[in-house]
Amino acid sequence: MRIRLLDRGFDPWREVAAYQAEQPQLAGKFGATTVFVGTLRDFNQGETVQRMTLEHYPDMTEKYLERVCHEAQSRWQVADMLVIHRHGVLAPNDPIVLVAVWSGHRDSAFAACRYIIDELKTRAPFWKKEETESGPRWVEQQ
Amino acid sequence: MSITVRFFASIREKLGKGEVLIEAKGVSSASDVWDRVASTPIPPNTLVAINQEHVSLAQAVRDGDEVAFFPPITGGAT
């Protein structure tokens, strides 16, 4: 399992391929991989988004990402997980978050991936501030 | 010893500070901590963490704790 917070852009597809290549013990042990990538849109709530700053609470963020992953591991048969989350300044089209789950079967892979992204959205302390044509604004929870 | 108080996102901006240290004496809950550091009522829906664990405003605080106040979380993707 690997959890990373990055203050620079990343290529989620390369990260998944590179991580899998670094885990020889996984070979033959999984039959399903699910990958979720969240990307910054250039529109939100009726306005054009020019940039976004993602603030986080260092250490608490890692702690909760790890906890959510361990919860997923205890609920479903999961062979491995990779979570990467951005912080800092992002531009439209930049990946925000990657969740990848390797599992024996697709049901577990889908369920664990969904669980991780849904839980991190409400428990891992991140806050989005968008820069729009009408000025900066903090994104409110929907 | 003292209590470290941290603020994030819109709360940090409104208060104009990210971190302060306060004396633990006379402070028994997270709610007391807010009253000590801010002159305005705590904004609705504010979340609280003590030592980086989500807790309620009524949670007891102790000397040496780190108490954080922040708005609802908006990470991940929509």
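Chain naming here is simple, since letters A, B, ... match the order of the sequence lines and numbering starts at 1 in each.
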Count the heavy atoms belonging to other residues, nucleotides or ligands that lie under 6.0 Å from CD of B/E23, then report whether that count exceeds 12. no
For A/H56, which atoms come within 4.5 Å of any heavy atom of chain B: side chain, backbone, both, or neither? backbone
Got A/M60 and B/E66 here, is their nearest side-chain heavy-atom distance under 4.5 Å? no
Would you say CZ of B/R62 has more than 12 non-hydrogen atoms from neighbouring residues, nucleotides or ligands within 6.0 angstrom? no
Here the pair of heavy atoms bringing A/Y57 nearest to B/Q52 is OH-CG, 3.6 Å
Is it true that A/I117 and A/V78 fall in one hydrophobic cluster, defined by side-chain heavy atoms closer than 4.5 Å? yes
In short, A/T122 meets B/I73 closest at the heavy-atom pair O-CD1, 3.4 Å
Path from A/V89 to A/I96 over hydrophobic side-chain contacts below 4.5 Å: no
Between A/H87, A/R86, A/K63, which shows the greatest number of heavy-atom pairs under 4.5 Å with chain B? A/K63
Neighbour count above 12 (heavy atom, 6.0 Å) for B/R12 CZ: yes
Contacting moiety of A/R67, where chain B heavy atoms sit under 4.5 Å: side chain
Residue B/E53 versus chain A: region with a heavy atom under 4.5 Å: both
Nearest 0.5 Å, what's the OG1-CD distance between B/T74 and A/E55? 9.5 Å
Chain A contact via B/N51 - side chain, backbone, both or neither, heavy atoms under 4.5 Å: backbone
Please indicate whether B/K17 has more than 12 foreign heavy atoms, meaning atoms of other residues, nucleotides or ligands, lying under 6.0 Å from its NZ. yes
Do B/V33 and B/F70 sit in one hydrophobic cluster, given that two such residues count as connected whenever their side-chain heavy atoms are within less than 4.5 Å of each other, even indirectly? no
Drop me the distance from A/W138's CH2 to B/I11's CD1, to the nearest 0.5 angstrom. 10.5 Å
Counting only heavy atoms not in A/F110 (residues, nucleotides, ligands), do more than 12 fall under 6.0 Å from its CZ? no
Examine distances only and state if a side-chain atom of A/W127 and a backbone atom of B/P71 form a donor-acceptor pair shorter than 3.5 Å. yes
